[in-house]
Amino acid sequence: MQQSGSMQPEAEPTPPQVQQAGRDETSALLASLPMDTVNHWLREMMLIREFEVRTMQAYQDKKIGGFCHIYIGQEAVAVGTIAAITPEDPVVTAYRDHGHALARGMDPKYCMAEMYGRIGGCAKGKGGSMHMFDKANNFFGGHGIVGAQCPLGAGLAFATKYRDEVINKERSKHVTLCFLGDGALNQGAVHEAKNLAGLLDLPVIYIVENNGYSMGTAISRGTTVGHEITRKADAYGIESAVIDGLDVLSVYRDMKPLVEHCRQTSRPAFVDMRTYRFKGHSMSDPRKYRTKDEEAQYELLDPIARLSKAMINNQMLTDERFKQIGKEVRQEVREAIKWSVASKPPGKDELYKDVYVEKWGPYTGTSLPEMLGGDES
Amino acid sequence: MANLTLVQAINLALVQEMEKDDRVIILGEDVGLNGGVFRVTEGLHKRFGGDRVVDSPLAESGIIGTSVGLAMAGLRPVPEIQFEGFLGPAYDQICTHAARMRTRTRGALTVPMTIRVPVGGGIHAPELHSDSPESIYTHTPGLKVVMPASPYDAKGLLISAIRDPDPVIYFEPKRIYRAFREEVPEDEYTIPIGKARVVAEGEEMTVISWGASVVQCMSAIEKSDRSIELIDLRTISPIDMETIETSVKKTGRVVIVHEAPKTCGVGAELSARIMEHCFLYLEAPVQRVTGFDTIMPYYKLELEYLPDTERISKAIDEVAVY
């Protein structure tokens, strides 16, 4: 019995590479953007990288329990896409969620404390790595079941549209970003969500962070038409784009008009965001399913190195300033860890909290941890 | 005889059943080249090839639904779901198809499928990776539910499950996957589905448990001066009332221990049955030591949630002096 249904061209690299912006194109992009904006993106990506490096260490030191999915390599996706929306637009993702939480503005200490299982965490230390939430920043998680967040994305978009059009009697003016991995494409819930979004004109953008692997299974072995997944949007009458997710400038350049188009037309979209996770699926993944050569090839496309080099080439950044940012983010993450360690583990009484509504109502944002006994010192 | 962990015992059972019966095939996420998330299917892809050890997309509904179809057509699929929390997307196929096919077709079609699922807490994982949903499937007529607590039982129960003509959910307590080793015969043997195991005999009290909690019960009993009988249910559906009844009529006192939340947990069913069957023999109300009626918490609170030796010992003392 031969598996022949993938309709995959022979010897297709995994994942198929996208056309990268040339040197001149990159320079033009840089010139078109405010200096502060680009500096901010660089810093955000470096913060996520440093955060993830320290997360891995803490996991190896058994300070963090459970399962931990690292975002290293994919930083440009969260930073570039979230830069293209407004703070009022909802964002939802799956379990590789630290990068999105930070890019959305969550203070790293709440994110780190969550993984340390402390009361100061964004979910009071009761959710862990996969369950980051920040309602104040319109970040709706952080969910552990592959693909199951996609119908939620449709619902979040339905809600903004309903509020805008039916309650406020205005034009629909929000866009929801719903992230998923390429492995999630094969979950039934994803197809149901795409159909609903297409059917009901929901302004949601499904961003497939296509890193080429469903856990340990290459896209060519697990997904039909894996070389051209935008066809899975065509099937639902949804517009699509293919974007170089390893370059934050390309991500922003391509996402911005798409976001505005969805906002104006109140329609869904689908993005094949080509990226690569530099680490394993989770911390317990020996990565036997791919070669060191392949990893090295993608490491050459490191989104942070690409941006910083381009900035240096265009006199927007000096080596000194780059090192300085590195120092700053290291300090910020060190403080997050210090704060996490000082925060208490949730008490036994927390076992029964947050299952149903409580007297102060549901969790309302990043201010609550302190209220509940997180230690600021 | 080999000294094996629970993981190795399961792997051995899979190898032997696949050698013996070419209708047995495995489907699941990363079960092939990667050897499974807990390495339970390690080496099987190499040994039996991709036609019999099928790496599937991340699609639990598809994995189980396809397995139902395979089973209806006479094969013996043994799908793996990576964690009990991932049974959610597959619930529809399990409960609306697998469980009802025999009844729906008045016996014309059956579903000889064994769903292997790691279950329970104790490995520092969060919700959906530490839950104990056995009562949901016990409450579903048409399914059989088993959960071994030792490597020896793991092998024998899995062979029985694979050979069983009806759908079996085979829960693997991940906390004891590699916690201890036991002598496991190379030769094939079966542990009958529906038969509990008396782990330790005693006169004063009966403790009933299953899965990883059996280990906690053993340590509580070792610490106690009392003569306590420990029953490892092994099969949660159908329940072996004969073994339970014999024991309870002898001891008159019962403690039930499970990780799952208390309300409508399997302990509630056992308690009701003991009341129905042994009412006049009881010296004390049946007591349950369980997880709480809340979502399984992550990491720091996990051990507060799971029944431990201390909580079990306290229940034993209370029931003894009632």
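Worth knowing before you read on, the calculation uses all heavy atoms, side chains too, and leaves out hydrogens, waters and symmetry mates. Convention: sequence-line order gives letters A, B, ...; per-chain numbering from 1.
- By the 4.5 Å heavy-atom criterion applied to side chains, A:Pro345 and B:Glu304 are not counted as neighbours.
- Proximity to chain B is absent for every atom of A:His281, based on heavy atoms less than 4.5 angstrom apart.
- Rounded to the nearest 0.5 Å, atoms SG (A:Cys68) and NE2 (B:His124) are 14.0 Å apart.
- Heavy-atom neighbours of B:Tyr91 OH from other residues, nucleotides or ligands within 6.0 Å: at or below the threshold of 12.
- In this structure, A:Phe67 and B:Phe83 have perpendicular ring planes: the angle between them is above 60°, well past the 30° mark.
- With hydrogens and angles ignored, the 3.5 Å screen pairs a side-chain donor or acceptor of B:Tyr298 with a backbone N or O of A:Gly65.
- When heavy atoms are compared at a cutoff of 4.5 Å, A:Ser282 does not approach chain B at all.
- For A:Met215, the parts lying near chain B are the backbone and the side chain together; criterion is any non-hydrogen pair under 4.5 Å.
- No more than 12 heavy atoms of other residues, nucleotides or ligands shown are found within 6.0 angstrom of CD1 on B:Ile295.
- Among the candidates A:Val146, A:Asn186, A:Leu185, the residue making the largest number of heavy-atom pairs closer than 4.5 Å to chain B is A:Asn186.
- For the salt bridge (Lys or Arg N to Asp or Glu O under 4.0 Å) condition, the pairs that include at least one residue of residues 112-130 of chain B, sequence neighbours left out, are B:Glu80-B:Arg116, B:Arg116-B:Glu172.
- The minimum heavy-atom distance linking A:Ile145 with B:Gly85 is given by the pair CD1-O, 3.5 Å.
- A distance of 4.5 Å separates CZ of A:Arg221 from CG of B:Asp55, quoted to the nearest 0.5 Å.
- Both the backbone and the side chain of A:Ile64 come within contact range of chain B, judged by heavy atoms closer than 4.5 Å.
- In this structure, no portion of B:Arg52 lies under 4.5 Å from any heavy atom of chain A.
- The shortest distance between side-chain heavy atoms of B:Pro126 and A:His131 falls below 4.5 Å.
- Note that NZ of B:Lys300 is 13.0 Å distant from CD1 of A:Ile119, once rounded to the nearest 0.5 Å.
- Heavy-atom neighbours of chain A within the stretch residues 57-76 of chain B, taken at a separation under 4.5 angstrom, comprise B:Pro57, B:Leu58, B:Ala59, B:Glu60.
- For B:Lys262, the NZ atom counts as densely surrounded, since its 6.0 Å shell holds more than 12 non-hydrogen atoms of other residues, nucleotides or ligands.
- If you take NZ on A:Lys126 and OH on B:Tyr305, they are separated by 12.0 Å, rounding to the nearest 0.5 Å.
- For B:Glu310, the CD atom is loosely surrounded, since the number of other residues' heavy atoms within 6.0 Å does not exceed 12.
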